[in-house]
Amino acid sequence: MLNLLNAEFFKLRKSKSVYFGILTAAALALLLYGSLVMIDKINQGELSNGTGGVIVYQDGSQVDVAGSQGSMMEKIGVTGVLQQMFGGHFTGMILAVLVSIFVIQEFGSGSIKNLVGKGYSRRRIFLSKLLSVMVLAILFQAAVLAVSICLGIPFMGWETFSKTVWMDAALYAALQMIYGVTVAVIFLLVGELTRNLAAGIAVSIGVLLFSSTLTAGLDLVFHGLDIQLSNYWVLDLMSSCPVTDFETGFLVRSIVVSLAWLVIAAVLAAAHFQRADLK
């Protein structure tokens with residue numbers, strides 16, 4: 001088992017896709033901060049509205065009067081950027097690609113079949129892959145978190161940056177880490193079921209972007225019930241997670257629901273891997 005884990009972690013360290021994923025996330029964070037800077041300059045009258053494709057609206061109409069709004073950078077702050085990066089599924093889409101590549105490429109290359117042929121049990125092979133995917137999710141999200149926070153210093157200035165409520169930011173980041181690990185295991189399940197890179201990426205991103213629409217529809221269908229099904233789907237919790245004023249009920253539900261979906265996805269993937277043929 002230890003040899004399998006060492007091999008998986010070696011693949012993670014040598015994977016170029018992981019580094020490209022981090023660079024892509026950094027570029028997205030840079031774009032978010034740059035957009036906030038442009039919004040502030042438009043509000044201050046330094047740039048005309050629509051510069052760079054950025055159009056600022058207020059009460060349904062374009063802002064033409066300099067200074068009509070406060071600083072958007074101060075209003076959103078670091079936590080707002082984190083909410084866009086994680087709750088807006090930017091990080092999730094990159095993670096879907098990374099997990100799909102990491103899981104599915106070994107079926108195409110025959111690596112999994114070779115491991116089974118060498119006498120490793122399928123249970124241990126799957127467990128090593130599951131643990132490495134969870135580590136991948138944690139490390140990738142930690143890198144995105146660090147980049148997003150560090151970019152806040154030059155863009156916001158130390159005075160605005162230092163006003164961040166770091167206790168709220170830390171709790172938000174911890175919740176997103178939990179969600180992210182669970183979502184990564186769901187992507188692992190998709191990769192195990194499809195075993196095709198294009199299909200795995202497409203289905204994973206589809207689940208990420210459109211499953212919340214399905215749960216919203218189910219909420220409407222079963223509106224007479226006292227519970228909302230969307231409150232028990234990890235991706236809905238990820239996108240609706242607040243950045244401040246966390247309620248104890250929400251925190252408990254987030255942890256329980258995330259762990260439940262992690263176990264469900266892991267068990268289904270393990271069962272399929274145990275029984276399916278290796279080609």
Side-chain angles (χ1 to χ4, degrees), residues 4 7-29 31 85-117 122 125-141 143-144 179-215 217 233-236 238-239 261-262 264-279:
L4 289 172
E8 294 296 332
F9 293 150
F10 177 79
K11 294 172 192 174
L12 281 180
R13 291 195 301 270
K14 296 298 182 179
S15 177
K16 293 182 180 179
S17 59
V18 175
Y19 298 105
F20 280 119
I22 294 174
L23 288 176
T24 302
L28 288 172
L31 180 62
M85 291 297 295
F86 290 95
H89 297 324
F90 289 158
T91 301
M93 284 190 288
I94 301 174
L95 187 60
V97 175
L98 296 181
V99 173
S100 297
I101 292 174
F102 186 66
V103 172
I104 298 174
Q105 68 179 356
E106 298 202 357
F107 288 102
S109 65
S111 299
I112 297 293
K113 189 174 182 179
N114 290 336
L115 288 175
V116 174
R122 293 198 181 198
I125 294 173
F126 176 80
L127 183 58
S128 64
K129 183 64 70 175
L130 173 66
L131 294 176
S132 59
V133 164
M134 294 171 69
V135 171
L136 167 62
I138 293 172
L139 293 179
F140 174 69
Q141 290 182 109
V144 174
Y179 301 144
V181 170
T182 300
V183 171
V185 176
I186 293 175
F187 294 154
L188 167 65
L189 170 61
V190 172
E192 169 59 31
L193 293 176
T194 59
R195 298 190 178 184
N196 177 276
L197 187 56
I201 293 176
V203 173
S204 294
I205 293 180
V207 170
L208 183 72
L209 296 181
F210 302 117
S211 62
S212 294
T213 303
L214 176 60
T215 55
W233 176 230
V234 63
L235 287 170
D236 285 319
M238 175 185 285
S239 59
W261 279 109
L262 188 152
I264 291 171
V267 169
L268 291 176
H272 185 269
F273 181 74
Q274 193 71 28
R275 298 181 180 182
D277 293 333
L278 297 177
K279 299 179 181 180

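Keep in mind the model is a prediction, meaning the values are calculated, not measured. Throughout, numbering of the chain's residues begins at 1 and tracks the sequence.
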Of all heavy-atom pairs between T194 and G200, which one has the smallest distance, and what is that distance? OG1-CA, 3.5 Å
Output for pair (I201 CD1, L98 CG), nearest 0.5 Å, gives 9.0 Å
Gap separating the CG atom of L4 from the CG atom of L127, nearest 0.5 angstrom: 9.0 Å
Verify the neighbour count for atom CH2 of W233: are there more than 12 heavy atoms of other residues, nucleotides or ligands below 6.0 Å? yes
Donor-acceptor pair, T215 side chain versus S212 backbone, under 3.5 Å? yes
Check: L188 and F126 side chains under 4.5 Å, non-hydrogen atoms: yes
Where L235 and S211 come nearest, the two heavy atoms and their spacing: CD1-OG, 3.3 Å
So S15 and F102, do their side chains get closer than 4.5 Å, heavy atoms only? no
4.5 Å side-chain heavy-atom contact, V99 and V190: no
Output for pair (L136 CG, K129 NZ), nearest 0.5 Å, gives 10.0 Å
Can you tell me if R275 uses its side chain to pair, donor with acceptor, with the backbone of H272 under 3.5 Å? no
Of all heavy-atom pairs between I22 and A143, which one has the smallest distance, and what is that distance? CD1-CB, 3.8 Å
Please tell me if the side chains of V144 and F90 come closer than 4.5 Å, counting only heavy atoms from C-beta onward. no
Can you give me the closest heavy-atom contact between A266 and L130, atom names plus distance? CB-CD2, 4.2 Å
Keeping the roles fixed (side chain from Y19, backbone from R13), state whether a donor-acceptor pair exists under 3.5 Å. yes
Atom CD1 in I205, atom CE in M93: separation rounded to 0.5 Å? 7.0 Å
Closest non-hydrogen atoms of L12 and S132, given as atom of the first, atom of the second and distance, are CD1-O, 3.7 Å
Show me the donor-acceptor pairs within less than 3.5 Å that the side chains of residues 179-187 make with the rest of the protein, sequence neighbours left out.
unit_1 : atom_1 : unit_2 : atom_2 : d
Y179   : OH     : S254   : OG     : 2.7
T182   : OG1    : I178   : O      : 3.2
T182   : OG1    : S258   : O      : 3.1

Are any of the side-chain heavy atoms of I94 and L28 separated by less than 4.5 Å? yes
Between L262 and M134, is there a side-chain heavy-atom distance shorter than 4.5 Å? yes
So, for L208 and G92, which heavy atoms are closest and what is the spacing to 0.1 Å? CD2-C, 3.4 Å
